[in-house]
There are 2 protein chains.
Amino acid sequence: MTTPPKIHRPDELTFEVVDLIGAVVARYHAEYEEAAAEHTLTGAQARLLSLLSLEPLPMRKLAQRLRCEPSNVTGIVDRLESRGLVERRPDPADRRVKLAAATEEGRQVARSLRESLRFAREPLAGLSEDERLALRDLLRRMLAD
Amino acid sequence: MTTPPKIHRPDELTFEVVDLIGAVVARYHAEYEEAAAEHTLTGAQARLLSLLSLEPLPMRKLAQRLRCEPSNVTGIVDRLESRGLVERRPDPADRRVKLAAATEEGRQVARSLRESLRFAREPLAGLSEDERLALRDLLRRMLAD
DNA sequence: TATTGTTATACTCTATAACTATA
DNA sequence: TATAGTTATAGAGTATAACAATA
């Protein structure tokens, strides 16, 4: 009989946490798409509109934030613009640049979208305030880089 | 001076946690797609293959797990099957049903995919074991329903 | 009749490459 | 020449509706 080799695997606990996060991701994603659909938006449109509800951005910057190619942004902004939720403005400083900006209606939709995200109610409601605080701090540390 | 009104809004802290989870979701999603791409898989293909690496499933059940329409599953399984990662088997108990199952190669790819998910290393590595334990328990409670 | 899986269709998202207008 | 945005193209995911085989 040989003693079992002491393999240093990437950590059982870490894998378990990763799986749990995977489950949270799946649920969040599903509920985000649902909330978007209730506003007749796709997920990508909802994400872009939410970004623009904070501040106008050049098309290029939008692509970076959405982690996609600039050519995609053209179509998504096109669809939102045709619905009057977003508009393109010239950049006075550089005539090559177009600034995408949410319209007043766009900002309203973004606000409504944010509030209709069920995720805030169901899964988080089960936690006490202390637990939510603890969760907040752990998530902050995770994302701190 | 009037005392500040005691408005009971949907909870500032909860919104903050939801935003943090949104950030985690975005990062997890991006890194999952990246890991899938390294194996020449799309995200949807990777998710389906991961499900099948645990157990064979009827097409219908796969659609439910992936939260999409059954008609979509046909195409995703087609593409995985043409690469020899998945196969369709008859269900002895019900001849209408087709069981999708990962091949040996498919299970290997699923294992490699799981291990290549950077997410386990970078963001979680910053947490101590105690913190990972605390995070695990909080996530479990969140998902408990 | 109801259910399983598929096909047909249309739309959106996606990356790549080529184009235009500015810089 | 380099950059910002667009267009063209092709592949993949998605939902809807209609269909064949089986229950």
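In what follows, chains carry the letters A, B, and so on, assigned in the order in which the sequence lines appear, proteins first and then strands, with residues in each chain numbered from 1.
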Q.
Show the nearest heavy-atom pair for residues A:Thr74 and A:Arg88, with the distance to one decimal.
A. O-NH2, 3.9 Å
Q. Once you round it to whole Å, what is the distance between C1' of C:dG5 and NZ of B:Lys61?
A. 16 Å
Q) B:Leu62 CG to D:dT14 C1': how many Å, rounded? A) 16 Å
Q: Using atom CG of A:Asp78 as one end and atom P of D:dT6 as the other, report the distance to the nearest whole Å.
A: 7 Å
Q: Let me know the distance between CD of B:Glu81 and C1' of C:dG5, rounded to the nearest Å.
A: 13 Å
Q: For A:Gln64 and D:dA4, give me the distance from atom CD to atom C1', rounded to whole Å.
A: 11 Å
Q | For atom CG of B:Leu80 and atom P of D:dA12, their distance in whole Å | A | 11 Å
Q: Report yes or no: does B:Arg60 contribute a side-chain atom to a donor-acceptor pair with the main-chain N or O of B:Pro70 at less than 3.5 Å?
A: no
(Q) Let's see if you get this right: which residues in residues 83-100 of chain A place a heavy atom under 4.0 Å from DNA chain D? (A) A:Arg88, A:Arg96, A:Val97, A:Lys98
Q) A:Phe15 versus B:Leu117: any side-chain heavy-atom pair under 4.5 Å? A) no
Q) Is the closest basic N to carboxylate O distance between A:Arg114 and B:Asp19 below 4.0 Å? A) yes
Q.
Please check: side-chain N/O of A:Arg67 versus main-chain N/O of A:Arg65, any donor-acceptor pairing under 3.5 Å?
A. no
Q. When you measure from every atom of DNA chain C, which of residues 41-60 of chain A have a heavy atom less than 4.0 Å away?
A. A:Thr42, A:Ala44, A:Gln45
(Q) So for atom CD, which belongs to A:Glu104, do other residues, nucleotides or ligands contribute more than 12 heavy atoms lying within a distance under 6.0 Å? (A) yes
(Q) Is it the case that the side chains of A:Ser53 and A:Arg111 hold a donor-acceptor pair, with the cut-off being a distance below 3.5 Å and no angle test? (A) no
Q) Would you say A:Leu52 and A:Leu80 make side-chain contact, with heavy atoms under 4.5 Å? A) no
Q) 5'-most contact on DNA chain C: B:Ser71 or A:Leu66, nearest heavy atom basis? A) B:Ser71
Q. Got a donor-acceptor contact below 3.5 angstrom from the A:Ser50 side chain to the A:Ala46 backbone?
A. yes
Q. Over how many whole Å does the gap from B:Asn72 atom CG to C:dT9 atom C1' extend?
A. 13 Å
